Every structure is written in C-alpha cells, then in structure tokens.
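Note that the structure is predicted; figures quoted are calculated from it, not measured. Atoms considered below: every heavy atom in the structure, side chains included; atoms not considered: hydrogens, waters and symmetry mates.
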Amino acid sequence: MYKKIFKISAALSLLTVGNVFAQSNLYSDVPEGAEAVSLIDGRALTMPDATNETVLKNLADARYRYMDYPMNSDNAVWYGRRLAYAGDFREAIKIFSEGMLDNPNDPQFLRHRGHRYVTIREFDRAIADLEKAGEMIKGKSNKVEQDGAPNEFGIPVSTLHGNIYYHLGLAYYLKHDWENAKRVYDLDLDVATNDDNRVSITHWRYMIRRRAGETHDAAKHVLDVINKDMKILENHTYHKLTLFYKGELTESEISEGIDLEDSADAATAYGLANWHYYNGDEAKAKEMLQSMMKAKAWGSFGYIAAEADLAAMM
C-alpha cells in the first residue's frame, strides 16, 4: 500500500515539469511490475513491497521534504535514494532525472542515477552517466557522502568522487571491459580516504587484473596496501577477500559459514567463485555462480556480477 502511494505521488510530481518523462527514454521496457530483467534468461526481476518500518518512515519523511521543495538538490537526491532503498529503482531514476533539470551542475544526480542503472542492468546508461559525473568533478573538491544505512559507528566511509569512480568501474567490469574497469578503479584508489575504501577498491582491482589474464604474480602488487591490522568499520567482507587473495587467509577460513544462496553473502560467494574461475576451475566457478542465482535479493553487486558472468558463459 505504502509503495503504491509513493509511486503515485512521484508520478504526480513529474507533471510539474510538463510531462517531460512521459516522452523520455530513461530505460528499456520490462514486463509490468518488474524493475529489471535477468541477463541470463530475460525473466522479470521484481521487488516485494517494502515492509521495514524504518525504511518506510525514512521514505515518507524524504517524500514530504521533496514535495515541499522539489527543486532543492538534497531533497531530490534523498527522495530518490530512499525510493531505491525501498526497491523502487525505476521511480528513483525518474526522481534523479527530474532533479537534474533544476540542478544541472550537481554531479550527485548522475552519480546516483548511474548507480541505479547498474542495479537494473542498464550498464551502458550507467557508464554514460558516471563518465559525465567524472568530468564534472574534475578540479572540484571532494566531499563525504552520508550513508542511507549508517554503520554501527555512525561514521560515513565513502565520498562523492569515490562513489562515482567505484560505480563506473563496476559498470565497466560488468560489461567485461577490463581495461576501462582497471583505469577507473585505479582513479578510485587515488581518492580513497580510509581503509574501508582501500579494501573494497583493491578487491576489484585484483579481480580485474586476473580476469584480464594476468597471473597472480603479475597482479599481486595491488595487494600491497592490504594488511591484517587495517581499521575497517564496515567492509569486513572485502578485507577478508583481499587477505585471501594475498594468501593470508585460507579458502576454508573465507568460506566458513557462508551460504551461496544467501544474498547477504553475495560478495564473498562471488569473490570465491571468481577465484576458482581465473585459477582454471571453470566448472566449480559455474556451479557456485548458479547457486548464487537462487538468492532472493538480485540487486547486490555480487549477484549482478555472477549473473553477468553466467550470461557470458552461455
């Protein structure tokens, strides 16, 4: 019920800009009620109505602020973000698109729309948005990006510049464009401000090089920034994975307790499956990737990467 109300309100708000989006090609068509379609077999990917009270309250608060002053960039950004957290990725994309009309020089809208294009498997659109956002931030000061779901310490660990490069590198990775993915994640490391950033970026930098055909000996230099004593606030999974790539944790240690079919374990599951793949055991990797497709939440980066790899294996 809440979700339907928010969708109607978002649609009505768009009328204020002259029905711009009714004529805009913001994304590809999908079956009614779907947010995306699978890269493997084209099946509809749907999201259940949000039921978490905190998510719904945050969404309601963001909507009221947005409806009161939709031209304010923070109001528009947060309404779009809260819609996405509730599973309304396409509505979020509409709100980010509308926000750009009033704030054409604010890269936040391209950054967040690009992120959600990744979620709905529109990788080319994501790349276009995030490359443009990358151009917009050149020579500009960076800033901390507040979390929608704060970690236990209440300390945000990411920045606007870092998130633009991170999601752009991911979009290239998902298209298996290793050279561009490597280029962008190297830029991302240059703007990393803490150990949480360094472990997440290093995870992708190492995997990219291995998928591009480099041996461990050729790629291991990117792991030099990793050690067991890093101060990690939230990216513990990426820290363990990078220690595993470095040889300081075993496969049994990294896989203990994970469920390939649990979306919460998608990052670890994908990292392990990918490790088997680039070390020559494609059958094992494929088996693990297929198990991951049984997870319910299809929006995690690990799930999307697994889906993209399986599609390429077909």
Side-chain angles (χ1 to χ4, degrees), residues 39-40 114-115 117-118 121-131 133-134 161-192 197-226 235 237-249 251 254-255 266-290 292-293 300-314:
L39 300 172
I40 300 170
H115 177 177
Y117 275 139
V118 169
R121 281 66 168 164
E122 298 271 1
F123 303 143
D124 289 333
R125 285 185 169 95
I127 288 168
D129 275 2
L130 294 162
E131 285 284 12
H161 294 197
N163 276 324
I164 289 171
Y165 293 136
Y166 189 90
H167 292 90
L168 178 57
L170 176 64
Y172 278 124
Y173 180 95
L174 294 168
K175 286 178 64 69
H176 294 174
D177 183 343
W178 312 126
E179 286 306 309
N180 274 313
K182 181 167 67 173
R183 169 182 62 84
V184 175
Y185 274 119
D186 288 351
L187 288 172
D188 199 12
L189 187 67
D190 289 341
V191 299
N197 297 163
R198 294 181 188 97
V199 296
S200 60
I201 295 166
T202 299
H203 163 69
W204 294 102
R205 291 181 77 219
Y206 179 77
M207 289 199 305
I208 289 163
R209 284 161 172 77
R210 297 304 310 274
R211 290 298 297 271
E214 292 186 21
T215 64
H216 173 72
D217 284 344
K220 68 181 181 180
H221 66 93
V222 303
L223 301 170
D224 289 345
V225 299
I226 303 299
N235 287 332
T237 293
Y238 290 135
H239 188 207
K240 290 178 181 178
L241 281 166
T242 51
L243 288 170
F244 168 63
Y245 305 148
K246 199 170 183 178
E248 296 183 15
L249 289 177
E251 182 177 0
I254 202 74
S255 62
T268 301
Y270 179 71
L272 285 170
N274 203 23
W275 183 83
H276 284 291
Y277 181 83
Y278 54 67
N279 280 299
D281 194 344
E282 183 174 339
K284 175 67 173 177
K286 189 172 183 179
E287 178 186 352
M288 295 177 71
L289 295 174
Q290 288 172 331
M292 289 181 66
M293 295 299 97
S300 69
F301 294 157
Y303 186 108
I304 300 172
E307 194 179 79
D309 284 356
L310 282 172
M313 291 177 185
M314 296 175 65

With Y173, which residues qualify under ring pair (Phe, Tyr, Trp, His ring centres under 6.0 Å), at least two apart?
W178, W204

Are E179 and Y172 packed together at the side-chain level, in the sense that at least one heavy-atom pair is separated by less than 4.5 angstrom?
no

When every non-hydrogen atom of G162 is compared with those of D188, the smallest separation belongs to O-OD1, 3.0 Å

When rounded to the nearest 0.5 angstrom, what is the spacing between CD in E287 and NE2 in H276?
9.5 Å

Any donor-acceptor pair under 3.5 Å from H167 side chain to N163 backbone:
yes

Taking it one step at a time, do R211 and Y277 satisfy side chain to side chain contact (heavy atoms under 4.5 Å, CB included)?
CA-CA 9 Å; R211 290 298 297 271; Y277 181 83; 3.6 Å; yes

Quick check for you: to the nearest 0.5 Å, what is the distance between I226 atom CD1 and E248 atom CD?
9.5 Å

List the atom of A285, the atom of A273, and the distance in Å for their closest heavy-atom pair.
CB-O, 3.2 Å

Could you walk me through whether L187 and V191 pass side chain to side chain contact (heavy atoms under 4.5 Å, CB included), step by step?
CA-CA 7 Å; L187 288 172; V191 299; over 6 Å; no

Return the minimal non-hydrogen interatomic distance between I201 and Y185, and the atom names on each side.
CG2-O, 3.5 Å

Answer yes if the side chains of D309 and Y270 hold a donor-acceptor pair under 3.5 Å, and no otherwise.
yes

What I'd like to find out is whether the side chain of L310 reaches to under 4.5 Å of the side chain of M292, using heavy atoms alone.
no

For F123, is there any backbone N or O sitting under 3.5 Å from a side-chain donor or acceptor partner on K175?
no

Under the criterion ring pair (Phe, Tyr, Trp, His ring centres under 6.0 Å), I'd like the reasoning laid out for H115 against F301: C-alpha separation, chi angles, the key distance, then a yes or no.
CA-CA 10 Å; H115 177 177; F301 294 157; 5.7 Å; yes

Is there any salt bridge (charged side-chain N to carboxylate O under 4.0 Å, His left out) pair reaching into residues 200-209, and which pairs are they, with sequence neighbours excluded?
D186-R205, D186-R209

Inter-residue atom distance R121.CZ - L39.CG, 0.5 Å rounding:
6.0 Å

Shortest non-hydrogen pair, L241 vs G271, comes out as CD2-CA, 4.1 Å

Listed pairs under 3.5 Å, donor-acceptor, residues 214-222 side chains, sequence neighbours left out:
from: T215; atom 1: OG1; to: A218; atom 2: N; distance (Å): 3.1
from: H216; atom 1: ND1; to: Y206; atom 2: OH; distance (Å): 2.7

Are M314 and I40 packed together at the side-chain level, in the sense that at least one heavy-atom pair is separated by less than 4.5 angstrom?
yes

If I take atom CZ from residue R183 and atom CD1 from residue I208, how far apart are they, to the nearest 0.5 angstrom?
11.0 Å

So which atom in A306 and which in M293 form the shortest heavy-atom distance, rounded to 0.1 Å?
CB-CE, 3.7 Å

I'd like to check R210 versus Y245 (side-chain heavy atoms, cut-off strictly below 4.5 Å). Are they in contact?
no

Just so I know, are the side chains of H239 and L243 near enough to count as touching, which here means a heavy-atom distance under 4.5 Å?
yes

For I164 and G134, work out which heavy atoms get closest and say how close.
CG2-N, 3.8 Å

Donor-acceptor pair, N235 side chain versus Y238 backbone, under 3.5 Å?
no

